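Right, one structure below, let's go through it.
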Amino acid sequence: MTLALRADAARQAIRFRSGLAEGLSVTLRQRRPLDPFELHDWLSEDWRPVSDAWSRVHVVGSQRAIDVADRLLDACGDLLAAATAFDQSRNRFTRAVRGEAQSDEQAEAYRAAFRRVAGERVALARLARDEAGNEEVVFAFDRAMAESESETRPS
């Protein structure tokens, strides 16, 4: 989940660290520009453990575990892509002055990608508990999804 939090921070950085005000702050040396190498290192702090865990599952895990780990890794990549997408349909001038922003559809895609990461994470935990012979439990994610579904159903 820390990777998901970093994806959200990157999403917010794109929003707040773009546009005329940001360019002016950097030009006046009030803020230093984003360094792509620092950004890479910052993101890789959480990608590395995810990648290591994925590799371990591929070495010792069952086929079901490998499939779930693959889905989780894909979901993490999709989340980062959704977090860093911005609305290119806005005209260039508006983007330069006001900064980057996501369209409503992109914001919803980001929320859906976040839910997918959380769901795949729970699926992996559930499978690990099952394969270890531990009792079934109800995860907070399951409760939240059930509450969300009951709120959207007509009464």
Side-chain angles (χ1 to χ4, degrees), residues 1-19 21-22 31 33-59 61-91 94-96 98-132 134-155:
M1 290 311 292
T2 57
L3 181 64
L5 293 173
R6 285 193 193 257
D8 189 61
R11 178 176 178 251
Q12 297 301 328
I14 289 171
R15 188 169 147 220
F16 293 115
R17 299 282 317 254
S18 62
E22 177 65 16
R31 187 187 332 240
L34 287 174
D35 180 337
F37 294 110
E38 286 178 12
L39 180 62
H40 170 272
D41 292 347
W42 179 76
L43 282 171
S44 73
E45 284 180 36
D46 285 320
W47 268 113
R48 190 175 303 114
V50 169
S51 180
D52 290 348
W54 177 82
S55 296
R56 284 189 204 118
V57 169
H58 273 250
V59 171
S62 66
Q63 184 62 56
R64 284 175 47 207
I66 290 169
D67 294 343
V68 173
D70 287 348
R71 288 196 313 266
L72 177 55
L73 193 67
D74 287 344
C76 288
D78 291 346
L79 176 64
L80 190 56
T84 57
F86 53 89
D87 188 359
Q88 294 187 357
S89 70
R90 296 169 66 215
N91 72 51
T94 301
R95 288 172 52 199
R98 297 190 68 199
E100 300 296 352
Q102 289 190 325
S103 67
D104 292 340
E105 294 82 20
Q106 288 169 321
E108 178 52 39
Y110 168 76
R111 288 188 292 274
F114 192 92
R115 286 189 301 272
R116 181 174 165 225
V117 167
E120 294 298 348
R121 181 176 173 260
V122 167
L124 184 59
R126 185 175 287 120
L127 178 64
R129 290 183 62 82
D130 182 51
E131 289 188 355
N134 294 326
E135 67 182 81
E136 283 190 36
V137 296
V138 177
F139 292 97
F141 177 80
D142 297 325
R143 285 190 192 106
M145 293 307 288
E147 288 173 12
S148 174
E149 287 176 14
S150 68
E151 290 173 4
T152 59
R153 279 193 210 125
S155 32

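Owing to the predicted nature of the structure, the values given are computational and were not obtained by experimental measurement.
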Roughly how far apart are [X] [atom1] and [Y] [atom2], rounded to 0.5 Å?
X: Leu43; Y: Thr84; atom1: CG; atom2: OG1; answer: 9.0 Å
X: His58; Y: Gln63; atom1: NE2; atom2: CD; answer: 8.5 Å
X: Leu3; Y: Glu45; atom1: CG; atom2: CD; answer: 11.5 Å
X: Tyr110; Y: Arg11; atom1: OH; atom2: CZ; answer: 5.5 Å
X: Arg6; Y: Leu79; atom1: CZ; atom2: CG; answer: 13.5 Å
X: Ser148; Y: Phe141; atom1: OG; atom2: CZ; answer: 9.5 Å

Checking [X] now: which residues fulfil salt bridge (Lys or Arg N to Asp or Glu O under 4.0 Å) with it, not counting sequence neighbours?
X: Glu131; result: none
X: Arg48; result: none
X: Asp87; result: none
X: Arg15; result: none

Could you tell me which non-hydrogen atom of [X] sits nearest to which non-hydrogen atom of [Y], and how far apart they are?
X: Ala83; Y: Ala7; value: CB-O, 3.3 Å
X: Arg90; Y: Gly99; value: NH1-O, 2.8 Å
X: Trp47; Y: Cys76; value: CH2-CB, 3.7 Å
X: Ala69; Y: Trp54; value: O-CD1, 3.6 Å
X: Ala10; Y: Trp42; value: N-CH2, 4.3 Å
X: Leu124; Y: Leu72; value: CD2-CD2, 3.9 Å

Apply side-chain hydrogen bond (donor to acceptor under 3.5 Å, both in side chains) to Thr94 and list each qualifying residue two or more places apart in sequence or on a separate chain.
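Once residues adjacent in sequence are excluded, the partners of Thr94 under the side-chain hydrogen bond (donor to acceptor under 3.5 Å, both in side chains) criterion are Asn91.
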Should we count CZ of Arg121 as having more than 12 external heavy atoms under 6.0 Å?
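12 or below, so no.
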Sequence neighbours excluded, which residues qualify as side-chain contact (heavy atoms from CB on, under 4.5 Å) partners of [X]?
X: Ala146; answer: none
X: Ala112; answer: Glu108, Arg115
X: Asp78; answer: Arg116

With a 4.5 Å heavy-atom cut-off, do Phe114 and Met1 have their side chains touching?
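With C-beta onward as the side chain, the pair touches.
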Would you confirm whether Ser55, through its side chain, and Ser51, through its main-chain N or O, come within 3.5 Å as a donor-acceptor pair?
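Confirmed, Ser55 side chain pairs with Ser51 backbone.
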Listed once per pair and sorted, the side-chain hydrogen bond (donor to acceptor under 3.5 Å, both in side chains) pairs that draw on residues 134-145, sequence neighbours left out
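Those involving residues 134-145 are Arg126-Asp142.
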Residue pairs, two or more places apart or on separate chains, that pass salt bridge (charged side-chain N to carboxylate O under 4.0 Å, His left out) and touch residues 98-107
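Counting only pairs at least two positions apart or across chains, the salt bridge (charged side-chain N to carboxylate O under 4.0 Å, His left out) contacts touching residues 98-107 are Arg95-Glu100.
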Would you list the pairs meeting salt bridge (charged side-chain N to carboxylate O under 4.0 Å, His left out) in which at least one residue belongs to residues 66-77, sequence neighbours left out?
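For residues 66-77: Arg71-Glu120.
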